[in-house]
Amino acid sequence: MEPKIAQKAWDPKLENAILKKWEEEKIYDFQLSDNNYTIDTPPPYPSGRPWHIGAASHYAQIDMIARTARMSGKNVYFPIGIDRNGLPVELYTEKKHGIRMRETERGEFLELCENALDDLEAEMIQIMKSLGLSGDFKNYYRTDSEDYRKFTQETFIDLWKKGVIYLATRPNNYDWVSGTTIADAEIVYEEIPTKLVYMKFITKETKKEIIIASTRPELLCACKTVIVNPNDERYSDLIGKELIVPLTNSEVKITPHHSAKIEFGSGAVMVCSYGDQNDVALFRELQLDEVIAIGLDGRMTEVAGGYQGLKPKQARTKIIEDLENANLVEKIEDISHRTPLSERSKTPIEIVPMEEYYLKQKDSLEKMKKLGEEIEFHPNMHKQILMNWLESISIDWPISRRRFYGTEIPIWYCNECSEPFVPEPGKYYRPWKDKCPAEKCEKCGNMEFTGEERTFDTWMDSSVSPLFVTKFNRDEEFFKKTYPTAIRPQAKDIVRTWLYYTLLRCEKLTGEKPWSEAWIMGYGLDEKGMKMSKSKGNAIDPLPVIEKSGADTFRFWSASEINQGYDFRCSEQKIESTRKFLSKLWNVSRFLSSFPVIKSGQLSESDKWILSELDKLISVCKEGYSKYNFFIPSTAIREFTWNIFAAQYIEIAKARAYGIGFTDEERDGAIFTLHKVLSTILKLLAPITPFITEHLWQTLYSQDSIHEENLPDIENLNDMSEMTQLLSEFNSKVWNEKKQKELSLKDSIKIDVPEILNQFKKDLIAMHNLESN
RNA sequence: GGGCUUGUGGUCUAGUUUGGUUAUGAUGCUGCCUCGACAUGGCAGUGAUCGAGUGUUCAAAUCACUCCAGGCCCA
């Protein structure tokens, strides 16, 4: 009989037609029911070309989660969104157009950002679609849409009213030339020659001289402690004693701290507000009172006494002079110092306390730990990232940014008394250009307002994704039936940001956890295990890879090569070689397509054996799927299909399937079993490789989509797995002997079937053309 | 500098939780083979002192400690 499948290999080009069919038949459309399974899909950020191949792999696996749930009988809600707020697009736009954000009119700059995002987004959507994501593309959302930003603002207003948001002045990176705070990403470091001044401090009790080296002597007035390494024997008897600071004559304590390097300078370090980021950390850790020595104008403040009004560099020259005149300098070394500069103005940044908005989090940490305990993590080890982070949180969350492309903070200030006005929720507010909705100030009656120019930290937007997709505050029934969502799939590098902030915000807004499970994926590295980056030139563009090898190949590679939660290496060669398995599956199907699909037959012992192996496979796969660990089913299916089903069983059953020397009932047993095994394999594999399984399923077994089927159930058949190795050893033995005697495989040979394989004797004799006893 | 994590044939990977024959599978390489699904195939072979060291034990890839190298996040 002619095979129904004519082509000799799986052609990835067939994927396009299948995609189109799925779209036309709307098989993944979501209708609200009582059995909803909501995925809090990560909205990817279009930060530049090409998209990260690790991210593409990540989304392929998220789709496997959706398909697994769907084939387990759940009503899957799989929203698709794009995250579009934040710094990267601003930097991308500045570079692309050769402009500067603060020198460009705000509205104009926002438009350029939006256009850039549209371009990058189009490519990401194309990749997600061609990967076969069964998500809701028709209603995909953007975090910079009016709707989403309105929602972010609403949740902020809610929290403002609850009193968990406050303004506070804390140290920030500050570029006094362009008058703005600087994100860490905008700092560049340069080696700059500077003077290391060895100054004489005096112990209060014994009047002993202690030498302390610093590159920032102008900050003596802001010195609050001196640290020494606890292992530094020179100072061990001075720990806890007081020192007199030169010139200012204030008193500070000597504190032990591991960050003091014994070999640098004199080993004793003065801690000032703020010489560098280490000072900030120490002030926080040791709970010191900060002194503001440098103001927003970039000049020394009144605490600097006689140096007030000077720029730090001028003050430094002057203070060194004064120290030398007072004989308070031991020596001065010329050194090269790694200095943080503003990328923009190329001037050294200062760390200056500035007023920003904060969201309270310190008082919620115990609650967060409890929720963290309740959420099931896949793999469980990554729960530790969250727990460790909760242990180390020491300040509240600063949520305001002095940037343009983000959700605006919806606040106006009275020009007269500075009283803040926070509007009613329900509208999208842009205070930098919109008129204040209030007629007059509630406090003083003044009618003039100034809009807030700052935007939110981008995590303020992303952290409400589960609330946005479940229509919190906008569709009560929908929300009730979809929240808390089922699962949060995400990458491991943003557990401390996205996962944590989502937990925090959702708890504060709803009192509940946002999801029951969290699924954490590792990071995609290059083939040598190094981080991929455009500058290193080792980034792999996923689009051509998917176009060449096909989405199923890419997906099967992702499933079978990536151990759950661990970092993984990406190599084009590896991806391409995965295709061999799909080819094997195709040809097995092609062979079976020459036999009719029948409902029953008389099962031989070999049929019972393969069905018992199949039963074991089902149980292994379902166990893997229940943990959303696709490595387990993909490798188990490959092993079974290739090395047991194709290599052993098909060869054993082939002669019987052709019916030569067997009764019709015996023949039908083989044909029935062949189809039963293949159709089960296809269903088991459908969540991982949706295209080829759909094509084969519809060609061989049904008009309907395989993705509307359920995963097969085990039948608890008698375990015959001890036969598997015996059969394959016997078959190898026959094949080897024929080879040694230079016989063709169809030639007859005299070998006895061993006693233990007696039950398979008839099949084995026909298979090998044995002249047997 | 701190926290978490990884290190198994040329390459990738299973096994480490709970120590126990000859360390799993894929890929690569070599040789042979067109036998009625498949040369994108079949068969056979090659190849690992399990990152290094020390310790515990009758027994260590597996447990403990130290070191080296990579990754992620935070300074």
Side-chain angles (χ1 to χ4, degrees), chain A residues 1-12 54 184 257-261 276-282 284-285 379-389 391-394 491-497 500 520-532 549 553 557 560-563 565-571 573-595 631-632 634-636 638-639 642-643 645-647 650-651 654-655 657-658 660 674 678 731-732 734-740 742-747 767-769:
Chain A
M1 190 173 146
E2 276 300 301
K4 232 172 158 177
I5 297 171
Q7 310 89 310
K8 284 197 166 187
W10 162 242
D11 181 2
D184 290 345
H257 199 272
H258 58 88
S259 69
K261 294 192 189 95
D276 57 25
Q277 284 294 345
N278 194 42
D279 285 344
V280 176
L282 283 164
R284 193 183 298 156
E285 187 182 327
N380 190 49
M381 67 172 180
H382 286 333
K383 183 180 280 197
Q384 207 52 39
I385 303 176
L386 173 67
M387 291 309 181
N388 291 342
W389 177 233
E391 284 301 329
S392 66
I393 288 175
S394 58
K492 134 188 137 174
D493 52 347
I494 52 174
V495 169
R496 299 161 81 148
T497 48
Y500 164 68
I520 312 294
M521 190 160 172
Y523 202 75
L525 307 169
D526 79 356
E527 47 198 326
K528 296 195 177 69
M530 300 293 177
K531 185 176 180 162
M532 279 192 236
S549 306
T553 299
W557 163 78
S560 63
E561 201 78 6
I562 300 174
N563 192 358
Y566 288 91
D567 293 344
F568 55 97
R569 301 183 185 198
C570 307
S571 130
Q573 196 212 328
K574 277 292 220 190
I575 296 170
E576 180 58 23
S577 66
T578 310
R579 192 160 154 185
K580 285 185 168 188
F581 172 65
L582 300 188
S583 173
K584 191 72 193 176
L585 181 69
W586 177 270
N587 278 297
V588 166
S589 307
R590 179 166 179 262
F591 173 60
L592 294 216
S593 76
S594 57
F595 301 102
F631 184 89
I632 293 172
S634 58
T635 51
R638 178 174 59 194
E639 169 72 12
W642 210 323
N643 297 336
F645 184 52
I650 290 184
E651 297 302 331
K654 199 185 265 178
Y658 283 124
I660 303 158
L674 285 167
L678 178 63
N731 289 335
S732 286
V734 177
W735 286 324
N736 269 326
E737 282 198 28
K738 284 191 179 181
K739 194 175 163 184
Q740 269 170 28
E742 296 191 332
L743 293 172
S744 150
L745 287 180
K746 61 186 168 188
D747 289 341
M767 169 188 185
H768 295 295
N769 193 10

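Lettering follows sequence order; numbering is per chain, from 1.
For A/His382 (side chain) and A/Gly565 (main-chain N/O), a donor-acceptor pair under 3.5 Å exists by modelled atom type. Of the possible polar contacts, one joining the A/Lys738 side chain to the A/His768 backbone as a donor-acceptor pair under 3.5 Å is found. Between the side chain of A/Trp10 and the backbone N or O of A/Arg579 there is no donor-acceptor pair closer than 3.5 Å. Of the possible polar contacts, one joining the A/Arg590 side chain to the A/Ala6 backbone as a donor-acceptor pair under 3.5 Å is found. The backbone N or O of A/Arg496 lies less than 3.5 Å from a partner atom in the side chain of A/Trp389, making a donor-acceptor pair. The main-chain N or O of A/Lys8 is found under 3.5 Å from a side-chain atom of A/Asn587 such that the two form a donor-acceptor pair.
Take the nearest nucleotide of RNA chain B for A/Glu639 and for A/Lys584: the residue whose nucleotide is more 5' is A/Glu639. Mapped onto RNA chain B by nearest heavy atom, A/Phe581 and A/Ile650 fall at different nucleotides, with A/Ile650 at the one closer to the 5' end.
Helical stems involving RNA chain B, defined as 3 or more consecutive Watson-Crick or G-U pairs under 3.5 Å, span B:1-7 with B:68-74, B:10-12 with B:25-27, B:28-33 with B:41-46, B:51-55 with B:63-67.
Between B/G71, B/C4, B/A37, one nucleotide has an atom nearer to the side chain of A/Ile385 than all others, and that is B/C4. You'll find that the side chain of A/Arg496 is closest to B/C73, out of B/A26, B/C73, B/A37. Of the candidate nucleotides B/A37, B/U40, B/G2, B/U40 has the atom nearest to the side chain of A/Ala9. Looking at the side chain of A/Tyr658, the nearest of the listed nucleotides B/C43, B/A37, B/U13 is B/A37. The side chain of A/Lys574 sits closest to B/A26 out of B/U40, B/A26, B/C38. For A/Asp493, counting side-chain heavy atoms from C-beta on, the closest listed nucleotide (B/A37, B/C72, B/A26) is B/C72. Relative to the side chain of A/Asp567, the nucleotides B/A44, B/G71, B/A37 differ in distance, and B/G71 lies closest. In the set B/U27, B/G71, B/G36, B/G36 carries the atom at the smallest distance from any side-chain atom of A/Ile660. Distance from the side chain of A/Asn388 is smallest to B/G3 among B/A37, B/G42, B/G3.
Among the heavy atoms of the strands, none lies under 4.0 Å from A/Thr497.
Between A/Lys580 and B/G41, a side-chain N or O to OP1/OP2 separation shorter than 4.0 Å is present. In this model, the phosphate group of B/C43 is not approached by any side-chain N or O of A/Asn736 to a distance below 4.0 Å at OP1 or OP2. At B/C74, none of the side-chain N or O atoms of A/Tyr500 fall inside 4.0 Å of OP1 or OP2 (strictly under the cut-off). Of the side-chain N and O atoms in A/Arg579, none sit less than 4.0 angstrom from OP1 or OP2 of B/U40. Taking side-chain N and O atoms only, A/Ser577 has no distance below 4.0 Å to OP1 or OP2 of B/A26. Dashed line: the shortest gap from a side-chain N or O of A/Trp389 to OP1 or OP2 of B/A75 is not under 4.0 Å.
Atom CG in A/Leu592 sits roughly 13 Å away from atom P in B/C38 (whole-Å rounding). Atom NZ of A/Lys492 and atom C1' of B/C74 are 14 Å apart (whole Å). Between A/Ile494 atom CD1 and B/C4 atom C1' the separation is 17 Å, expressed in whole Å. Rounded to whole angstrom, the span from the NZ atom of A/Lys4 across to the P atom of B/A37 amounts to 18 Å. Atom NZ in A/Lys8 sits roughly 8 Å away from atom C1' in B/C38 (whole-Å rounding).
When all heavy atoms of A/Ala657 and A/Leu674 are compared, the closest pair comes out as CB-CD1, 4.1 Å.
A cation-pi contact links A/Lys654 to A/Phe591, judged by a cut-off of 6.0 Å to the six-membered ring centre and 45° from its axis.
For A/Glu651 and B/A37, a side-chain-to-base donor-acceptor distance below 3.5 Å is present, hydrogens and geometry of angles not being considered.
Taking atom C1' in both B/G2 and B/U54, one finds a spacing of 27 Å when rounded to whole Å.
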